[in-house]
Amino acid sequence: MTRVITILTENFSDWETALINSTCRGYYGFDTRFASPKGTPVISSGGMLVTPQLSIEAIQLDEIDLLIVCGGTAWQTERAPNITGLVAQAYEKNIVVAAICDGTRVLAQAGVLDNLRHTSNSAENLSQLNYRGAAYYQDVPYAVADRRVITAPGSAPVSFMAEILATLGVSDENLKTYLAMHAAEHRRPNTRYEGDSKMT
């Protein structure tokens with residue numbers, strides 16, 4: 001069984017890792033668990049209260065196959081937990097490491113992004129950290145996977161899910177259909193939200 005831990009902080013962005021965890025657990029039988037600082041309950045940006053199964057401090061890297069860092073406003077504050085050592089060790093152990101939105105800042109701080117292709121909400125979001133991987137930054141609106149590391153802007157939870165599963169070797173017709181279903185929304189021409197349209 002593939003084992004997954006997602007790291008959550010107070011005010012985490014709940015939509016960013018919901019799809020990957022739901023798909024992993026519901027469709028492929030992964031063991032999905034959640035961790036927070038000291039294992040305390042956290043409230044998402046949407047007001048959802050989550051009680052994690054364990055604390056960040058209790059994570060045993062030898063017992064997991066995938067470590068996900070969910071985004072959220074905490075990663076740009078002093079309240080952010082210091083998990084750079086954990087992330088660096090996970091990468092060194094060849095564990096799949098994934099981060100989305102401001103969670104990518106942690107990977108940059110840990111040195112994981114120094115020599116591989118990656119993305120984030122913007123190049124500026126990471127350049128503030130004086131990390132060494134700026135030359136490898138990809139200015140794209142979708143997730144990027146390189147050497148078992150997956151990064152994504154907060155607006156790309158679907159491709160984030162797809163790249164994580166592909167990295168784990170998961171690919172079947174059911175998944176392709178599921179991805180096509182999510183992508184279909186963006187193929188439909190829709191002028192309702194354009195600046196010169198009238199909204200009722």
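Here, residue 1 is the first one in the sequence, and each next residue gets the next number. Predicted model, so just to flag it, every value in this text is computed and none were measured.
Thr84 and Asn82 form a side-chain donor-acceptor contact under 3.5 Å, judged by distance and modelled atom types alone. Side-chain contact annotation: Asp172 with Tyr28, donor-acceptor N/O pair under 3.5 Å present.
Closest approach of Pro141 and Ala156 over heavy atoms only: O-CB, 3.5 Å. Shortest non-hydrogen contact noted between Gly39 and Pro52 is O-CD, 4.0 Å. The minimum heavy-atom distance between Val112 and Ala88, with the atom names listed, is CG2-CA, 4.3 Å. Pairing each heavy atom of Pro37 with each of Ile56, the nearest pair is N-CD1, 3.6 Å. Pairing each heavy atom of Ser36 with each of Val42, the nearest pair is CB-CG1, 4.0 Å. The two residues Ile150 and Ala143 come nearest to each other via the heavy atoms CG2-CB, 4.3 Å.
Counting only heavy atoms from C-beta outward, the side chains of Tyr136 and Leu113 never approach each other to under 4.5 Å. Contact check for Phe160 versus Leu19: no side-chain heavy atoms found under the 4.5 Å cut-off. Contact annotation: the side chain of Leu165 approaches that of Ile20 to within less than 4.5 Å [non-hydrogen atoms, C-beta and beyond]. Contact check for Leu61 versus Ile59: side-chain heavy atoms found under the 4.5 Å cut-off. Two residues are said to be in side-chain contact when any heavy atoms from C-beta on lie closer than 4.5 Å; Ile64 and Arg33 meet this criterion. At least one side-chain heavy atom of Thr119 sits less than 4.5 Å from a side-chain heavy atom of Tyr137.
Proximity of a side-chain donor or acceptor of Glu163 to a complementary backbone N or O of Met161 within less than 3.5 Å is not detected. The main-chain N or O of Gly71 is found under 3.5 Å from a side-chain atom of Glu16 such that the two form a donor-acceptor pair. Of the possible donor and acceptor atoms, one in the side chain of Asp14 sits under 3.5 Å from a partner among the backbone N and O of Gly46. Under the 3.5 Å distance criterion, the side-chain polar atoms of Glu57 are matched with a main-chain donor or acceptor of Lys38. In terms of modelled atom types and a separation under 3.5 Å, the side chain of Arg105 and the main chain of Asn125 share a donor-acceptor contact. In this structure, Trp75 contributes its side chain and Thr104 its backbone to no donor-acceptor pair below 3.5 Å. The backbone N or O of Asp114 lies less than 3.5 Å from no partner atom in the side chain of Arg132, so there is not a single donor-acceptor pair. Side chain of Arg3 to main chain of Glu63: a donor-acceptor pair is present (N/O by atom type, distance under 3.5 Å, no hydrogens or angles).
Between Tyr131 and His118, the ring-plane angle classifies as perpendicular under the 30° and 60° cut-offs.
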Determine whether Thr17 and Phe12 satisfy the following criterion, side-chain contact (heavy atoms from CB on, under 4.5 Å), listing intermediate values before the conclusion. CA-CA 10 Å; Thr17 56; Phe12 70 95; 5.6 Å; no
Check the pair Asp102, Thr73 against side-chain contact (heavy atoms from CB on, under 4.5 Å), reporting the backbone distance first and the verdict last. CA-CA 7 Å; Asp102 277 349; Thr73 56; 5.9 Å; no
Can Lys93 and Asp62 be said to form a side-chain contact (heavy atoms from CB on, under 4.5 Å), step by step? CA-CA 8 Å; Lys93 288 178 175 289; Asp62 292 338; 3.3 Å; yes
Under the criterion side-chain contact (heavy atoms from CB on, under 4.5 Å), I'd like the reasoning laid out for Thr2 against Phe30: C-alpha separation, chi angles, the key distance, then a yes or no. CA-CA 5 Å; Thr2 303; Phe30 288 14; 3.7 Å; yes
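Taking CG of Asn115 as the reference point, atom CZ of Arg147 lies at 6.0 Å (rounded to 0.5 Å). Of the inter-residue distances, the one linking Arg25 atom CZ with Thr23 atom OG1 reads 12.5 Å to the nearest 0.5 angstrom. The distance from the OG atom of Ser159 to the NE2 atom of His182 is 12.0 Å, given to the nearest 0.5 Å. Here Cys24 contributes atom SG and Asp65 contributes atom CG; the two are 10.5 Å apart, rounded to the nearest 0.5 Å. Distance CG/Asn130 to CD/Gln109: 10.5 Å, rounded to 0.5 Å. Note: Leu86 CG to Ile7 CD1 = 5.0 Å, rounded to the nearest 0.5 Å.
Cluster annotation: Phe34 and Leu67 are assigned to distinct hydrophobic clusters (Ile/Leu/Val/Met/Phe/Trp/Tyr, side-chain heavy-atom contacts under 4.5 Å, transitive). In the hydrophobic clustering of this structure, Val149 groups with Leu126; members are Ile, Leu, Val, Met, Phe, Trp, Tyr whose side-chain heavy atoms approach within less than 4.5 Å, directly or through other members. Ile83 and Val97 fall within the same hydrophobic cluster, defined by Ile, Leu, Val, Met, Phe, Trp and Tyr side-chain heavy atoms under 4.5 Å apart, directly or through other members. If you chain together hydrophobic residues whose side chains sit under 4.5 Å apart, Val4 and Tyr178 fall into the same group. Residues Ile164 and Tyr142 fall into different hydrophobic clusters, defined by Ile, Leu, Val, Met, Phe, Trp and Tyr side chains chained together at heavy-atom separations under 4.5 Å.
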